[in-house]
Structures are given as structure tokens and as C-alpha cells.
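These values consider heavy atoms only, across backbone and side chains, with no hydrogens, waters or symmetry-generated copies. Predicted, not measured: the structure shown is a model, and the values here were computed from it.
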Amino acid sequence: MKQTKTFEGTSLKGLGDPTRDNLPEIPKALQRNQGVLYTATLYFPDISPKSASRAFRKEIAGYPALEEALLATNWHPRKRFLTPLQQQIIVHYLGAPLL
């Protein structure tokens with residue numbers, strides 16, 4: 001029997017999933033597929049993009065609930081891009097980035 005990971009009590013499956021209604025709105029800058037480097041520089045604007053990306057990945061790895069929710073959306077730590085759903089999950093756990 002196939003099991004799906006859950007977030008806030010429901011599974012993350014796609015557009016028709018009620019879980020998406022529980023996630024916060026994300027800024028216009030994050031409403032499309034973005035590179036991890038771009039998103040990382042929004043969260044860590046005072047350091048170089050490469051260092052920001054490294055710090056962002058460490059932040060995700062240090063937050064087990066966030067990492068589990070991202071893994072439920074087919075995210076992998078080595079992926080270079082984040083989908084809008086993955087960015088919504090990140091905003092839910094880390095708050096909105098500096099724009």
C-alpha cells in the first residue's frame with residue numbers, strides 16, 4: 001500500500017489539494033518556478049549568492065518539519081529550482097523573505 005507524506009493533516013498532491021488553501025500567500029516574485037539561488041538571496045541579502053544558497057540549504061536541513069514538507073512535494077536538497085508550492089511551504093515555515 002502506497003503512503004503519502006502529510007502536511008497539516010492532509011496530503012500534498014497538487015492543485016485540488018485542500019492543503020494549499022492553508023498555506024500563506026506568497027509575494028509576486030515567488031509565484032513562478034525560481035532557482036534556489038534567487039530565493040536564497042531574498043532570505044540572506046547581505047551575503048554573496050553562493051553563500052546565501054549554502055546558508056539557505058542549511059536552514060532547510062536544520063528544520064525537520066520544513067524538510068519533510070518539502071520532501072512530500074518531490075523536493076530534493078540537490079535540486080536547483082523550487083516550485084511555487086515549495087516556496088509557499090518555505091514561506092509558511094520561515095516567513096516571507098525580504099523584498
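- Thr39 and Gln34 are not linked by any side-chain donor-acceptor pair at a separation below 3.5 angstrom, with hydrogens and angles left out of the test.
- Take Phe44 and apply the ring-ring contact (aromatic ring centres under 6.0 Å, His included) test, not counting sequence neighbours, and it matches no residue.
- Taken from CD1 in Ile47 to OG in Ser53, the straight-line distance is 9.5 Å, to the nearest 0.5 Å.
- Ring orientation note: the planes of Tyr43 and Phe56 are close to parallel, at an angle under 30° on the 30°/60° scale.
- The two atoms that bring Thr73 and Leu70 nearest to each other are OG1-O, 2.6 Å, heavy atoms only.
- Both Tyr93 and Leu85 sit in one connected hydrophobic cluster of ILVMFWY residues. Membership requires side-chain heavy atoms under 4.5 Å apart, directly or through other members.
- Residue Arg57 holds its CZ atom at 7.5 Å from CZ of Arg78, rounded to the nearest 0.5 Å.
- Across all non-hydrogen atoms, the minimal contact from Ile60 to Ile90 is CD1-CD1, 4.4 Å.
- Note on Leu71: it clusters hydrophobically with Val91, by side-chain heavy-atom contacts below 4.5 Å among ILVMFWY residues.
- For Pro77 against Glu67, the heavy-atom pair with the smallest separation is CG-OE2, 4.5 Å.
- The side chain to side chain contact (heavy atoms under 4.5 Å, CB included) search around Thr41 returns Pro49, Ala52, not counting sequence neighbours.
- Of all non-hydrogen atoms in Val36 and Lys79, the two that sit nearest each other are CG2-O, 3.6 Å.
- The two residues Thr83 and Asn33 have their closest heavy-atom pair at CA-OD1, 3.3 Å.
- Identified under the ring-ring contact (aromatic ring centres under 6.0 Å, His included) test for residues 65-86, with sequence neighbours left out: none.
- Taking each heavy atom of Asn74 and Gln86 in turn, the nearest pair found is C-NE2, 4.1 Å.
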